[in-house]
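The sequence lines fix the lettering, A, B, ..., with proteins before strands; numbering per chain opens at 1.
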Amino acid sequence: MQLKGFKKGTMAQKITKREEDYSQWYLDVIKEAKLAEHSPVRGCMVIRPTGMALWENMQKGLDQMFKDTGHENAYFPLFIPKSFMSKEAQHVEGFAKECAVITHSRLKAVDGGVEVDPESQLEEELIVRPTSETIIWDTYRNWIQSYRDLPILVNQWANVVRWEMRTRLFLRTMEFLWQEGHTAHATKEEAVDETLQMLDVYRSFAEDFMAMPVITGVKTESERFAGAEDTYCIEALMQDGKALQAGTSHFLGQNFAKAFDVKFQDKDGDHKLVWATSWGVSTRLIGGLIMTHSDDQGLVIPPKLAPTQVVIVPIYRSDEERATVIEYGDSIYNELKELGIRVKLDDRDNYKPGFKFAEHEARGIPLRIAIGPRDVQNENVELARRDTLSKSIESREGIGELAKKLLETIQNDLFETAKKRRDEMTSFVDDYDQFKKILDEKGGFIYAHWDGTAETEERIKNETKATIRCIPLDKGEEGTCMVTGKPSKQRVLFARAY
RNA sequence: CGGGGAGUGGCGCAGCCCGGUAGCGCAUUCGCUUUGGGAGCGAAGGGUCGCAGGUUCAAAUCCUGUCUCCCCGACCA
């Protein structure tokens, strides 16, 4: 039995509507879902328990995929000696402007307060890691002597700091959580394969767990990671038509092996430089998740990642009714729990059902089961989907299996909906004026021909704010550059980006 | 880092122009009535007005500095 959808707009509006102010909507969703908040430290956030539970679920999924592809976790220091940073020229250039530097080791008390003790100045300053290539490659030098020591397939879960000018919760913060994989190989082919393998891990994680469709491709020289030969990426499209780089996988060539003198003796007895990769995704994915699925009622997230997948809301008047309904709810709770569903029974007595409905919607719980005396009587439940905001009456019998099935349906539907939206906001353009027009009026992804030069790329960026997000891996047809008319090997993906 | 806006009980705001010792809504606590889409009434608790200086008999209010957040720009894997 189908019921009518929820009445919208009748509730007190705590969340700014998307079309009114997208940035404010994004902040409101995070706040109402209790994912994170601003901290007293500029550019840094407090990740609240719900936000952390979401990240932990993402970690679990990714970590399993890393283990399944032969990787192990390790942990390297937060601090990097300053001299390490300068060993790889491109790398230091890329990160120099956003490094936090530790110069002193202690404070001293001064009339009621504290100040930095000038006598504690460090002989060599320490850098708070913006990424760990340098300290890891310095370490790998000692781990690698023979081809038998290769490959090294290591990942670490860590925090990093990049001193950003302008920050946004999850999307760009000065400190963020991430994973960084660092691998060492005997041959170029093996390293390239690893780079592409991990890119595909990211793609499938984005699609299968986050229900977020992505385009895979390689970055142009100007967007490449400092110190990499090639940077591959997954690019997602947000609801407001802006692109988000959601993950990167770098083929580092022998740049860090050279810089840190990491060689191995091969079967033929020759000493050779090691080939490297690194790859990472961060809490930025949470920002992408929010902006892919959520609506004006608040957070919408896929069941696979939802900290709570099903919430049961009891409805009652008297104490007797309460006892009956809660008992009914408990049995449903146990049934779902048995099936491995992350379920909660919201038995708080100080909130009315309507309040709870709104709250659980704002917090993005995929499925809600409401039960009242009528349902106990008829052996029914009311089932509500967060993604479609639709409700139906279902039989108590078999509710566990139904919920489980429905969670899978929601997971798939979210992906299909997001993919459909992404495709609708993707254009193919051959004319530069048309390109500008679409960018301003519609936004989204634009596939266009480009002559492959940094000059043209720069010009387009300056004139339109759009950047080449990537050169897609599934190559299309040849053509001519929309700006210069010179030959183009394939269309590249343009968008304004976060 | 440049331009604009803002910081006042937990949250959202008024008061500031024109100085006179802080108020409203929501939330919280207690009580009663309620409970199928954000409950009602009654009572109570909670704020050195971001922080630091200065002017003044007197500063949330005027002046200077500083920190943080939001928007736009520059910058940025």
I'd like to check the ring pair (Phe, Tyr, Trp, His ring centres under 6.0 Å) partners of [X]; sequence neighbours left out, ordered by chain and number.
| X | result |
| --- | --- |
| A/Tyr351 | A/Phe355 |
| A/Tyr498 | none |
| A/Phe209 | A/Phe205 |

Between A/Arg368, A/Arg385, A/Arg386, which is the residue that forms a salt bridge (charged side-chain N to carboxylate O under 4.0 Å, His left out) with A/Glu361?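 The option that passes is A/Arg368.
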Salt bridge (charged side-chain N to carboxylate O under 4.0 Å, His left out) partners for [X], two or more places apart:
| X | value |
| --- | --- |
| A/Arg162 | none |
| A/Lys356 | A/Asp346 |
| A/Arg469 | A/Glu223, A/Glu235 |

For a quick check, tell me whether the side chain of [X] and the base of [N] share a donor-acceptor pair closer than 3.5 Å.
| X | N | result |
| --- | --- | --- |
| A/Lys391 | B/G37 | yes |
| A/Glu361 | B/G38 | no |
| A/Arg317 | B/G36 | no |

Can you tell me the distance, in whole Å, between the [atom1] atom of [X] and the [atom2] atom of [N]?
| X | N | atom1 | atom2 | value |
| --- | --- | --- | --- | --- |
| A/Lys34 | B/G10 | NZ | C1' | 11 Å |
| A/Asp375 | B/G36 | CG | C1' | 8 Å |
| A/Ile371 | B/U35 | CD1 | P | 17 Å |
| A/Arg368 | B/G37 | CZ | P | 10 Å |
| A/Asp349 | B/U35 | CG | C1' | 9 Å |
| A/Asp28 | B/C11 | CG | P | 15 Å |
| A/Arg386 | B/G37 | CZ | P | 18 Å |
| A/Phe355 | B/U28 | CZ | C1' | 12 Å |

Run the side chain to side chain contact (heavy atoms under 4.5 Å, CB included) test against A/Ala323 and tell me which residues pass, sequence neighbours left out.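 With sequence neighbours excluded, A/Ala323 shows a side chain to side chain contact (heavy atoms under 4.5 Å, CB included) to no residue whatsoever.
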Taking only side-chain nitrogens and oxygens of [X], does any of them come within less than 4.0 Å of OP1 or OP2 of [N]?
| X | N | result |
| --- | --- | --- |
| A/Tyr351 | B/U28 | yes |
| A/Lys352 | B/A39 | yes |
| A/Arg374 | B/G36 | no |

Could you say whether A/Pro353 or A/Ala362 is positioned toward the 5' end of RNA chain B, judged by the nucleotide with the nearest heavy atom to each?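 With A/Pro353 and A/Ala362 compared, the 5'-side residue is A/Pro353.
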Quick one: on RNA chain B, does A/Asp319 or A/Lys31 contact a more 5' nucleotide (nearest heavy atom)?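 Nearer the 5' end of the strand: A/Lys31.
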Given side-chain contact (heavy atoms from CB on, under 4.5 Å), test A/Ile15 with A/Asp296 step by step and report yes or no. CA-CA 7 Å; A/Ile15 297 172; A/Asp296 288 346; 5.7 Å; no
In whole angstrom, give me the gap between the [atom1] atoms of [N] and [M].
| N | M | atom1 | answer |
| --- | --- | --- | --- |
| B/G47 | B/G10 | C1' | 11 Å |
| B/G7 | B/C13 | P | 9 Å |
| B/G15 | B/G53 | P | 28 Å |
| B/A60 | B/U21 | C1' | 11 Å |
| B/G54 | B/C70 | P | 32 Å |
| B/U68 | B/C51 | C1' | 10 Å |
| B/A52 | B/G9 | P | 15 Å |
| B/U61 | B/C75 | P | 39 Å |

Starting from Watson-Crick (N1-N3 plus N6-O4 or O6-N4) and G-U wobble pairs under 3.5 Å, report the runs of at least three that RNA chain B belongs to.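 When the pairs of RNA chain B are grouped into runs of at least three, the stems are B:1-7 with B:67-73, B:10-13 with B:23-26, B:28-33 with B:39-44, B:50-54 with B:62-66.
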Tell me if the centroids of the rings in A/Tyr140 and A/Phe260 come within less than 6.0 Å of each other. no
Hey, can you pull the residues of residues 42-52 of chain A with a non-hydrogen atom under 4.0 angstrom from RNA chain B?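 Result for residues 42-52 of chain A: A/Arg42, A/Gly43, sorted by number.
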Summary of ring-ring contact (aromatic ring centres under 6.0 Å, His included) pairs that have at least one residue in residues 217-248 of chain A, sequence neighbours excluded: A/His91-A/Phe225, A/Phe95-A/Phe225, A/Phe225-A/His250
Taking only residues at least two apart or on different chains, which pairs with a member in residues 279-298 of chain A satisfy ring-ring contact (aromatic ring centres under 6.0 Å, His included)? A/Phe66-A/Trp279, A/His71-A/Trp279
Any Lys/Arg nitrogen of A/Asp349 or A/Arg322 sitting under 4.0 Å from an Asp/Glu carboxylate oxygen of the other?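 Looking at A/Arg322 together with A/Asp349, the answer is yes, because their closest N to O distance falls below 4.0 Å.
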Residues A/Arg48, A/Glu37: salt bridge by 4.0 Å N-O rule: yes
Would you classify A/Glu321 as touching base, sugar-phosphate or nothing, given that sugar-phosphate means primed atoms plus P, OP1 and OP2, and contacts are heavy atoms under 4.0 Å?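 Nothing, no nucleic acid heavy atom in range.
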Report, as a single string ordered 5' to 3', how protein heavy atoms within less than 4.0 Å touch nucleotides 70-77 of chain B: B base, S sugar-phosphate only, - not at all. SSBBB-BB
